[in-house]
Colleague: 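Just passing along the structure, written as structure tokens.
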Amino acid sequence: MPTAASDPSVAGRGRRAARPSGDDRELAILATAERLLAERPLAAISVDDLARGAGISRPTFYFYFSSKDAVLLALLDRVVAEADTAMRQVFDTPASGARDGWARAIGAYYETFRAHRALTVAWAQARSTNDEVRALWSAVVERWVQRSAAAIDAERSRGAAPPGPAARDLAVALTSMNERVLYATFSGDGPAVAEQDVVGVLLGIWLSAVYGTAAPG
């Protein structure tokens with residue numbers, strides 16, 4: 001399955017024309033959007049706000065993006081690429097033990113989205129109304145589920161983890177938990193885990209679910 005960064009049906013979506021990745025004006029629009037989303041929701045941000053913050057005119061904005069929703073989608077493309085890179089590095093690098101491997105995976109996931117916390121909240125909220133955001137996020141989560149399920153199967157095959165629910169079902173449930181915990185922590189929407197405790201809490205639950213007890217090694 002191609003990553004979001006390499007899939008042409010995703011990476012250029014919502015843009016009027018493909019632009020060089022280093023285009024200063026496009027980057028200024030994206031930076032403005034992320035800054036404003038830390039202050040107020042997407043619904044309270046106008047195209048004029050984005051253009052003014054990027055130091056361009058409204059017509060120039062439309063040369064790069066068809067709408068403010070397209071800006072949100074482009075930001076998701078970029079952060080997903082960051083997260084995919086971080087997760088690939090974790091899964092492709094030998095761990096010193098099972099606990100270390102899962103800790104690094106959960107830590108990479110958490111740190112990537114914590115660095116873009118306002119965007120993480122905006123995407124979660126946009127998924128209920130924006131089909132493109134929902135489709136891209138679903139594809140991203142599917143990749144993480146597949147990697148996690150493969151890791152669970154590998155641990156069971158080597159006798160480190162006991163039989164249990166289907167590895168894919170377990171990976172779906174645990175990945176969904178990660179999403180909700182991070183959203184609650186970053187947004188303050190409902191009961192939430194303190195930021196400094198998120199990785200430890202999630203790690204403990206993953207280890208218990210996969211191994212039944214603390215992970216060996």
Side-chain angles (χ1 to χ4, degrees), residues 3-86 108-141 143-144 176 178-195 198:
T3 65
S6 64
D7 184 348
S9 69
V10 171
R13 195 168 1 196
R15 305 188 190 186
R16 289 300 186 188
R19 305 301 303 163
S21 59
D23 190 299
D24 290 342
R25 286 168 293 184
E26 180 174 326
L27 295 176
I29 294 169
L30 296 173
T32 297
E34 184 161 8
R35 174 176 57 81
L36 292 178
L37 283 167
E39 302 169 359
R40 54 188 188 267
L42 183 65
I45 298 172
S46 68
V47 168
D48 286 335
D49 291 332
L50 295 173
R52 184 165 49 251
I56 60 175
S57 67
R58 184 185 180 94
T60 300
F61 171 91
Y62 286 115
F63 185 72
Y64 293 91
F65 297 99
S66 60
S67 67
K68 63 182 183 180
D69 283 343
V71 175
L72 186 64
L73 191 66
L75 285 165
L76 179 54
D77 284 339
R78 292 167 65 88
V79 177
V80 162
E82 285 183 35
D84 274 344
T85 297
Y109 173 89
Y110 171 72
E111 290 299 337
T112 298
F113 288 98
R114 184 171 71 93
H116 303 280
R117 58 189 303 147
L119 296 177
T120 302
V121 173
W123 296 323
Q125 294 170 343
R127 291 204 298 272
S128 64
T129 58
N130 188 308
D131 290 341
E132 288 186 297
V133 171
R134 182 165 57 251
L136 176 54
W137 187 252
S138 293
V140 170
V141 174
R143 290 199 294 276
W144 293 339
S176 296
N178 285 3
E179 284 189 74
R180 176 57 201 176
V181 168
L182 262 62
Y183 173 74
T185 295
F186 296 157
S187 69
D189 180 9
V193 178
E195 286 198 34
V198 167

Colleague: What distance do I29 atom CD1 and I56 atom CD1 have between them, rounded to the nearest 0.5 Å?
Modeller: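 Between atom CD1 of I29 and atom CD1 of I56 there are 3.5 Å.
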Colleague: For A108 and A86, work out which heavy atoms get closest and say how close.
Modeller: CB-CB, 4.0 Å
Colleague: Inspect the contact between E195 and R117 and indicate whether a charged nitrogen and a carboxylate oxygen are less than 4.0 angstrom apart.
Modeller: yes
Colleague: Quick check: do D49 and R40 have side-chain heavy atoms less than 4.5 Å from each other?
Modeller: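 With C-beta onward as the side chain, the pair touches.
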Colleague: If you measure from CZ on F65 to CG on L30, what distance do you get to the nearest 0.5 Å?
Modeller: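 F65 atom CZ to L30 atom CG measures 4.0 Å (nearest 0.5 Å).
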Colleague: Begin from the C-alpha positions of V80 and R143 and carry the test side chain to side chain contact (heavy atoms under 4.5 Å, CB included) through to its verdict.
Modeller: CA-CA 11 Å; V80 162; R143 290 199 294 276; 3.7 Å; yes
Colleague: Taking all heavy atoms of Y183 and all of A124, pick out the closest pair and write down the distance.
Modeller: CD1-CB, 3.5 Å
Colleague: In chain order, what residues pass the side-chain hydrogen bond (donor to acceptor under 3.5 Å, both in side chains) check against R134, with sequence neighbours excluded?
Modeller: D131
Colleague: Shortest non-hydrogen contact from S67 to F61?
Modeller: O-CZ, 3.8 Å
Colleague: Mind checking whether H116 and R78 have side chains closer than 4.5 Å, heavy atoms only?
Modeller: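 The answer is no, as the side chains (C-beta and beyond) never meet within the 4.5 Å cut-off.
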Colleague: Could you tell me the separation between the CZ atom of R114 and the OG1 atom of T185, rounded to the nearest 0.5 Å?
Modeller: 11.5 Å
Colleague: Tell me, do L42 and D69 make a side-chain contact under 4.5 Å, heavy atoms counted?
Modeller: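 Side-chain contact under 4.5 Å: yes.
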Colleague: Test of understanding: with ring pair (Phe, Tyr, Trp, His ring centres under 6.0 Å), list the residues that count as partners of F113, not counting sequence neighbours.
Modeller: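 If we apply the ring pair (Phe, Tyr, Trp, His ring centres under 6.0 Å) test to F113, skipping adjacent residues, the hits are Y109, W137, W144.
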Colleague: Can you tell me how far the OG1 atom of T60 sits from the CD atom of E26, to the nearest 0.5 Å?
Modeller: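 That separation rounds to 13.0 Å.
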Colleague: What is the minimum heavy-atom distance between A184 and A192, and which atoms define it?
Modeller: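 Closest approach of A184 to A192, heavy atoms only: O-CB, 3.5 Å.
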Colleague: Is the side chain of S128 donor-acceptor paired with the backbone N or O of Q125 at a distance under 3.5 Å, no angle test?
Modeller: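 A pair under 3.5 Å: yes.
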Colleague: One pair to check against side chain to side chain contact (heavy atoms under 4.5 Å, CB included): D23 and Y64. What are the steps and the verdict?
Modeller: CA-CA 10 Å; D23 190 299; Y64 293 91; 3.3 Å; yes
Colleague: What residues, two or more places apart in sequence or in another chain, satisfy side-chain contact (heavy atoms from CB on, under 4.5 Å) together with S176?
Modeller: V172
Colleague: Any side-chain heavy atom of V121 sitting closer than 4.5 Å to one from L37?
Modeller: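 No - every pair of side-chain heavy atoms lies 4.5 Å or more apart.
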Colleague: Can you tell if the side chain of R180 reaches within under 4.5 Å of the side chain of D189, non-hydrogen atoms only?
Modeller: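 A side-chain contact under 4.5 Å exists here.
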Colleague: Taking the side chain as every heavy atom from C-beta outward, state whether L119 and L76 have any atom pair closer than 4.5 Å.
Modeller: no
Colleague: Identify the two heavy atoms, one from G53 and one from R35, that lie closest to each other, and give their separation to 0.1 Å.
Modeller: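 Looks like CA-NH2, 4.1 Å.
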Colleague: Is there side-chain contact between L75 and W123, with at least one heavy-atom pair below 4.5 Å?
Modeller: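 They are in contact (side-chain heavy atoms under 4.5 Å apart), so the answer is yes.
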